[in-house]
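Structure record follows, encoded as structure tokens.
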Amino acid sequence: MAKQLALTRRAQYLAVYGSGKAFADSALLVKVMPNRLGATRSGFSISKQIGKATVRNRVKRLLKENVRQLELKAGWDIVFIARRSIVETDYHTLGSIMSRLLRRAGILEQDAKKAGAEAN
RNA sequence: CAAGCAGGCCGGGUAGCCGCUCCGAUGUUUUCACACCGGAGAGGAAAGUCCGAACUCCGCCAGGCAGGGUGCUGGGUAACGCCCAGGAGGGGUGACCCUACGGAAAGUGCAACAGAAACAUACCGCCCCUCGCGAGAGGAGCAAGGGUGAAAUGGUGAGGUAAGAGCUCACCGGCGGAAGGGUGACCUUCCGGCCGUGCAAACCCCACCCGGAGCAAGACCUAAUAGGGGGAAAUGGUAUGCCUGGACCGUCCCCGGGUUGGUCGCAUGACCCCGAUGGCAACAUCGGGGCAAGAUGGAUGGCUACCGCCCCGUGAAAGCGGGGUACAGAAUUCGGCUUAUAGGCCUGCUUGGUAU
RNA sequence: CGGGGUGUAGCGCAGCCUGGUAGCGCACCUGAAUGGGGUUCAGGUGGUCGUCGGUUCAAAUCCGACCACCCCGA
């Protein structure tokens, strides 16, 4: 994932936390907020409660890879917040969870619906 | 063959598709960047942060006192609480392993409860003498036996005695002295007399070492705001305990305001590999060769297929089916220690069994 | 990444420096007082002292290692 598509400042995270809409699953919490950039940026929050450094790295990489595969509408800031049960979730299950949550948020491209159904 | 001891090593592989960070070349572009090609990209512990250093800043000024650390001896090292070799003590049939292992006649303190006594003692007792018909009472001696305790004034045996005791003797242990060996810890031999304990991971004494903070250290650049208001104090302040001397001058607190960007530090180093020489070894010296991650909301990845390895079931075997493939993720960099770790390999040695 | 602190009864804490008895408040249980409840009074239950080793006759306390949680830092 390219660097300019990532949230890199604490202020950006706090803005999404404060005024973004939330969509939740038992393994994942997603907060989204529209921006005016014409591009969609995403950030990841995996706290120390999730596990040791190896586990946190693994979770973040799975999330990033799934974001890369999904086709998202432009112009949104998205923060993915991991919950404890995400440790037992594999790549494909996590992909279906993410596509479901983002479709509810209304920022998944219609073309990608098919791919999301396939992943299920 | 089985059980074990010591040392060293590895810690999945190949291919395809899609990605990430850095470096280099080319092209487009005013720059920022973008496209494409090539190269590099987690560990033995990267971990815990328990020690030691490099490096950086702080007033590392001088002296002294506190305070902290280490603790058998000798060596290695930049340094260490690490490593090597040796000594002593302890454990194991053995290979071998373990040990914070200086000082208790420098001083202070503690040893609860129990017990007569925990620095000097006699509770139950033992023996002798006197009185008494006797039970017993008084006097003198003893510390062997019993009892209490974690610990009771060297141990075993013999002699000796009224009963006993290092009272005497032999051996052992401890202490002191002498001689010899060893750089030293210490060892061996001889002589002397018979001397109460434990705790220094209690204070302490002795020997040696230590200024403090840490890469969010620190340096530079760009942008922006302000050169402000109030108070304390001159026996004040100048970075980390205290005192003395010396040096310097504004210092400290509160309110208000601004920045929470970029670059460097940052990877050629007490570096790695091979060989030779010196040394029992740790290690050192010399020669040759090599360059091996560098992120900053933090890269080093995701998926698929096949193979390898281990376990279980089935089977004569081949094979088949199922499951597993650990601990763990660089953040200034090194030297150690400690802790976690599926499975596997190599070398030497010990004990027991069997065969020749 | 670096620095520091704390783990003791259900909860909040003391005891640790200077080693031998684990204590205080709230809560809980029983009884008294009230027609009943609260308040009050009396009595009582309850703790592997975070875990594992070491020193010591003896460890919550001294020493070492490990685990968990919390705080601070341009």
Side-chain angles (χ1 to χ4, degrees):
Chain A
M1 197 176 72
K3 198 190 284 183
Q4 50 268 60
L5 298 180
L7 297 176
T8 58
R9 294 289 153 221
R10 179 165 173 77
Q12 296 167 349
Y13 279 82
L14 291 177
V16 176
Y17 291 159
S19 54
K21 288 179 162 183
F23 301 90
D25 184 77
S26 66
L28 192 66
L29 177 67
V30 179
K31 284 209 159 205
V32 298
M33 186 183 76
N35 63 21
R36 299 163 185 271
L37 298 175
T40 290
R41 302 181 299 180
S42 49
F44 307 92
S45 175
I46 298 109
S47 80
K48 265 194 170 174
Q49 303 297 323
I50 302 301
K52 297 191 172 191
T54 310
V55 176
R56 297 202 304 272
N57 269 336
R58 167 78 180 170
V59 167
K60 187 194 281 186
R61 283 162 182 162
L62 290 177
L63 286 169
K64 285 167 82 171
E65 184 64 18
N66 271 298
V67 167
R68 195 171 67 85
Q69 296 293 333
L70 293 170
E71 298 192 31
L72 301 173
K73 287 183 180 175
W76 294 83
D77 283 347
I78 311 171
V79 175
F80 298 90
I81 301 163
R83 290 180 165 175
R84 187 121 183 86
S85 65
I86 204 170
V87 176
E88 280 82 31
T89 310
D90 65 23
Y91 170 72
H92 296 291
T93 312
L94 188 59
S96 63
I97 289 171
M98 287 170 70
S99 60
R100 193 173 73 241
L101 291 177
L102 291 173
R103 196 180 308 125
R104 264 169 51 197
I107 58 177
L108 201 63
E109 286 287 354
Q110 296 301 312
D111 306 341
K113 265 191 174 176
K114 227 175 171 182
E118 261 177 27
N120 273 334

Please measure how far the [atom1] atom in [N] lies from the corresponding atom in [M], and state the result in whole Å.
N       : M       : atom1 : result
B/rC83  : B/rA213 : C1'   : 30 Å
B/rG74  : B/rA88  : C1'   : 15 Å
B/rG136 : B/rA112 : P     : 37 Å
B/rA33  : B/rU325 : C1'   : 46 Å
B/rC327 : C/rG10  : P     : 34 Å
B/rG103 : B/rC203 : C1'   : 15 Å
B/rU70  : B/rC97  : C1'   : 26 Å
B/rA305 : B/rC22  : C1'   : 32 Å

Tell me which nucleotide among B/rA299, B/rG301, B/rU304 gets nearest to the side chain of A/H92.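 Out of B/rA299, B/rG301, B/rU304, the nucleotide with an atom closest to A/H92's side chain is B/rU304.
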Proximity to the side chain of A/K52 - top-ranked nucleotide from B/rC18, B/rG297, B/rA328: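 Given the options B/rC18, B/rG297, B/rA328, the side chain of A/K52 is closest to B/rA328.
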If you pin A/L62 and A/A53 to their nearest nucleotides in RNA chain B, which one's is more 5'?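 Whichever sits nearer the 5' end wins; that is A/L62.
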Which is more 5' along RNA chain B, the nucleotide nearest A/I46 or the one nearest A/T54? Just name the residue.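 By nearest-heavy-atom nucleotide position, the 5'-most residue is A/I46.
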State the syn/anti category of B/rG297 according to its glycosidic angle, syn meaning within 90° of 0.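 For B/rG297, whose glycosidic angle is more than 90° from 0, the conformation is anti.
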Contact summary for A/A24 and A/L29, nearest pair of heavy atoms: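 In terms of heavy atoms, the two residues are closest at CB-CD1, 3.6 Å.
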Would you name the heavy atoms of A/I46 and A/R56 that are closest together and state the gap between them?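 Reported closest heavy-atom pair: O-CD, 3.7 Å.
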A/M33 pairs by side-chain contact (heavy atoms from CB on, under 4.5 Å) with which of A/I78, A/V79, A/D77?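 Filter result, single survivor: A/D77.
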Would you say A/R61 places a side-chain N or O within less than 4.0 Å of OP1 or OP2 belonging to B/rU300?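 So the side-chain polar atoms of A/R61 do come within 4.0 Å of the phosphate oxygens OP1 or OP2 of B/rU300, strictly under.
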Closer than 4.0 Å, any side-chain N/O of A/R58 to the OP1 or OP2 of B/rG302? yes
Between B/rG297 (P) and A/K64 (NZ): distance, integer Å: 12 Å
Measure the CG-CG distance between A/N57 and A/L62 for me, rounded to the nearest 0.5 Å.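 One gets 11.0 Å once the value is rounded to the nearest 0.5 Å.
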Report the C-alpha separation of A/V30 and A/R104 in whole Å, then their side-chain angles, then the decisive distance to 0.1 Å, and conclude whether the side chain to side chain contact (heavy atoms under 4.5 Å, CB included) test is met. CA-CA 11 Å; A/V30 179; A/R104 264 169 51 197; over 6 Å; no
Kindly state whether the pair A/Y13 / B/rG297 counts as stacked, where counting means centroids closer than 5.5 Å and planes tilted less than 30° apart. yes
